[in-house]
Amino acid sequence: AEARWQLGRALEAQGRLDEARAEYEDATRLDPSEPVYQRHLGTIWRKIGRHAWALRQTGFSKQTPSADDYDAAIAALQSAISMGGDTPEVFAELGELFALKGQHEDAIAQFRKAVDAAPREAHHHRALGIAYRLMGQAQKSLEQLDVADSLEPDCAQTQYEMGLSYMQADQAEKAIEAVNEAIQLNPSEASYHHMLGLIYHEADRDQEAIAALEKAVEIKPGMAPWHATVGSVYAAQEREHLSLEHYLRAVELAPERPEYLQNAAEAYGKLGNDKQVATLLQKAVRLEPDNPQRYSELGHAYLRQGQHREAAKAYKRAVDLVPDDPAYLLNLGSVAVEMGDTKEALARFKAAATLKSDYTPVYEQLGDLFERENKWSHALAAYQRAAALEPENAHYHYKMGLAHKALGQFQEATDHLEQAIELAPEMTEAYGELGTVYEAQQRYDEAVQAYEHAIVIAPHRASHYGQLGRLCRQLGQLDKALAYF
């Protein structure tokens with residue numbers, strides 16, 4: 001048993017944790033009365049848990065010990081305690097195992113025993129403070145961390161943990177101060193820089209956030225989640241090329257993580273590269289074939305490229321996965337419209353409306369379909385239903401104005417276009433359409449005013465100058481017409 005235990009210690013020192021665990025298990029089996037073997041077996045299970053957690057964070061593995069594995073480790077330490085191995089270190093080890101398993105109240109109880117047994121040991125107070133924070137008790141956490149700081153001044157880890165607890169207590173400035181102190185004490189610890197960046201970002205101090213996050217990945221470049229975080233902060237600043245650079249680095253480090261492929265795809269989409277969007281999302285859906293939203297986004301990427309059949313297949317997959325979501329049926333109807341299959345589109349839109357009668361987008365899509373077919377009375381009815389659900393939506397009033405105009409109902413058209421302008425004063429197309437309605441009623445002065453309003457709002461839109469130029473020509477104002485043309 002002694003030889004097995006010594007071999008286990010040597011393997012543990014080399015980081016060969018699973019092999020070490022096997023040796024400790026053999027030592028315990030050969031001499032079940034020795035608490036030291038039980039303690040080391042429990043400890044190695046905890047370390048394997050931490051090791052697996054670290055691997056998961058870097059993106060290389062999603063595997064963690066099972067609940068049964070943790071229970072075995074806990075049982076080993078409890079057995080050691082029952083045989084007289086009730087040292088503060090054993091209580092602390094047991095507390096860490098409970099914490100890893102998510103049993104935070106049990107963890108606090110064990111850390112409290114460690115603190116009571118060794119009240120001058122800073123690391124036990126620190127562990128208890130962390131456990132309180134995980135329970136959402138920031139004030140108690142800070143009390144224990146203050147004790148740890150008084151017992152062991154200038155400890156970077158304590159300052160770092162205090163920063164996290166201050167953040168939980170919504171004291172961002174104190175959190176920044178504490179984590180900066182941790183960095184001063186240990187500037188080479190990448191996780192401190194990363195956390196500082198997250199706190200700055202939470203405080204809307206994005207330039208400082210970027211500097212800290214970039215420093216973290218400079219020190220430790222192999223952390224895929226960290227690159228994804230930097231990418232998200234750049235994305236929030238609309239710095240898409242830098243965002244994409246970090247998202248692609250995350251994909252390179254952890255190609256099996258579909259969320260990183262999704263991030264990179266979104267960045268490519270903002271840069272207008274739908275071919276790359278589709279390529280990345282194809283990989284993402286292969287990794288996560290039961291995610292309907294990714295199939296929907298893949299369909300959007302195909303549709304933007306005019307690849308209608310591929311888009312329809314992707315949308316159909318989303319519908320198959322979640323048949324009761326009207327948004328996915330709406331996508332199928334939209335691509336049917338693009339393919340000229342009006343019957344299929346109408347069937348999909350009506351199915352979506354049946355699923356959710358108050359789903360506003362389906363009535364807009366129905367209205368647009370009828371509009372394409374010049375079925376203006378049907379289009380008007382659909383837009384009216386959309387506006388009834390969202391009466392403050394300027395777009396729906398604009399659409400009703402178009403339908404009334406097409407039906408020769410000029411007063412109703414005027415009313416809705418004016419309502420659209422009141423709700424959205426920058427909607428230049430509403431001014432343009434209002435001008436055409438006034439023209440149809442020979443209200444030329446009002447038409448001129450409407451077109452001029454459109455030009456003031458959108459001075460670079462040629463169509464409004466064209467509208468005003470044609471009206472001036474019609475009115476015999478050729479010099480003005482020529483100037484506008």
Side-chain angles (χ1 to χ4, degrees), residues 326 330 333-334 337-338 342-343 345-354 356-459 461-475 477 481 484:
L330 206 63
S334 298
V337 170
E338 295 299 323
T342 302
K343 184 177 179 181
L346 190 59
R348 296 296 185 181
F349 293 155
K350 288 184 175 179
T354 300
K356 191 176 181 183
S357 61
D358 61 348
Y359 185 57
T360 312
V362 74
Y363 300 108
E364 181 182 357
Q365 292 287 343
L366 275 168
D368 290 347
L369 176 60
F370 289 130
E371 185 178 326
R372 289 168 68 116
E373 298 289 308
N374 288 318
K375 296 180 179 179
W376 287 104
S377 60
H378 290 82
L380 177 60
Y383 294 142
Q384 285 172 332
R385 184 66 183 275
L389 292 168
E390 294 184 22
E392 300 301 307
N393 189 313
H395 180 70
Y396 298 149
H397 287 282
Y398 169 74
K399 283 291 194 177
M400 285 191 289
L402 294 186
H404 280 299
K405 185 184 83 167
L407 292 168
Q409 300 165 351
F410 297 127
Q411 186 55 55
E412 291 86 350
T414 300
D415 291 343
H416 284 291
L417 289 169
E418 288 179 345
Q419 181 68 18
I421 290 167
E422 182 179 337
L423 291 168
E426 302 301 309
M427 185 183 281
T428 59
E429 58 268 32
Y431 282 106
E433 289 296 335
L434 185 58
T436 64
V437 173
Y438 286 142
E439 275 196 67
Q441 300 174 80
Q442 299 183 355
R443 296 163 62 180
Y444 298 124
D445 289 342
E446 292 166 283
V448 168
Q449 290 177 3
Y451 294 143
E452 286 176 342
H453 272 299
I455 289 172
V456 168
I457 295 169
R461 186 171 294 181
S463 60
H464 297 320
Y465 292 96
Q467 287 175 314
L468 191 49
R470 283 189 293 274
L471 178 56
C472 288
R473 182 176 60 192
Q474 182 181 334
L475 296 173
Q477 301 170 2
Y484 286 124

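Residue indices begin at 1 and follow the sequence shown. Values in this document were obtained by computation on a predicted structure and should not be read as measured data.
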Taking side chain as C-beta onward, heavy atoms only, is Leu369 less than 4.5 Å from Gln365?
no

Side chain His397, main chain Pro391, donor-acceptor under 3.5 Å:
yes

Atom of Leu380, atom of His404 and distance for their closest heavy-atom approach
CD2-CE1, 3.5 Å

Can you measure from CE (Met427) to CD (Glu422) and round to the nearest 0.5 angstrom?
12.5 Å

Nearest heavy-atom contact between Leu423 and Ala394 is CB-CB, 3.8 Å

Side chains of Gln442 and Tyr444, heavy atoms from C-beta outward: is any pair under 4.5 Å?
yes

Taking Gln409 for its side chain and Lys405 for its backbone only, find out whether a donor-acceptor pair lies under 3.5 Å.
no

Minimum-distance pair of heavy atoms, taken over all atoms of Ala454 and Gly432
CB-N, 4.5 Å

Contact summary for Ala430 and Ala420, nearest pair of heavy atoms:
CB-CB, 4.4 Å

Quick check on side-chain hydrogen bond (donor to acceptor under 3.5 Å, both in side chains): which of His395, Arg385, Lys399 does Glu364 satisfy it with?
His395

How long is the straight-line distance from OG1 of Thr428 back to CD of Glu433, given to the nearest 0.5 Å?
10.5 Å

Under 3.5 Å, is there a donor-acceptor pair between the Asp415 and Gln419 side chains?
no

Test log, rule side chain to side chain contact (heavy atoms under 4.5 Å, CB included), inputs Leu366 and Leu346:
CA-CA 7 Å; Leu366 275 168; Leu346 190 59; 3.5 Å; yes

Could you go through His453 and Tyr431, starting from their C-alpha distance and side-chain angles, then the distance that decides it, and tell me whether this counts as ring pair (Phe, Tyr, Trp, His ring centres under 6.0 Å)?
CA-CA 7 Å; His453 272 299; Tyr431 282 106; 5.2 Å; yes

Should Val448 and Leu468 count as side-chain neighbours, where that means a heavy-atom distance under 4.5 Å?
yes

Would you call the rings of Tyr465 and Tyr484 parallel, tilted or perpendicular, where under 30° means parallel and over 60° means perpendicular?
tilted

Distance, nearest 0.5 Å, that separates OH of Tyr438 from CD of Glu446
5.0 Å

Does any non-hydrogen side-chain atom of Arg461 lie less than 4.5 Å from one of Glu429?
yes

Taken to the nearest 0.5 Å, the spacing of Arg372 CZ from Thr342 OG1 works out to 7.5 Å

Can you measure from CD (Glu426) to CD1 (Ile421) and round to the nearest 0.5 angstrom?
11.0 Å

Gln441 vs Val437 side-chain heavy atoms within contact, under 4.5 Å:
yes

Criterion side chain to side chain contact (heavy atoms under 4.5 Å, CB included) on Phe349 and Val337, from CA distance to verdict
CA-CA 11 Å; Phe349 293 155; Val337 170; 4.1 Å; yes

Ignoring hydrogens and geometry beyond distance, is a side-chain donor-acceptor pair present between Tyr383 and Asp368 at under 3.5 Å?
yes

Is a side-chain donor or acceptor of Ser357 paired with a backbone partner of Ala353 at a separation under 3.5 angstrom?
no

Could you check if a side-chain atom of Glu390 sits within less than 4.5 angstrom of a side-chain atom of Tyr363, using non-hydrogen atoms only?
no

Rounded to the nearest 0.5 Å, how far does CG of Leu389 lie from CG of Asp358?
6.5 Å

Could you tell me which non-hydrogen atom of Ala345 sits nearest to which non-hydrogen atom of Gly333, and how far apart they are?
CB-O, 3.4 Å

Are Tyr398 and His416 packed together at the side-chain level, in the sense that at least one heavy-atom pair is separated by less than 4.5 angstrom?
no

If I compare all heavy atoms of Pro326 with all of Tyr359, which pair ends up nearest, and what's the gap?
CB-CD2, 3.8 Å

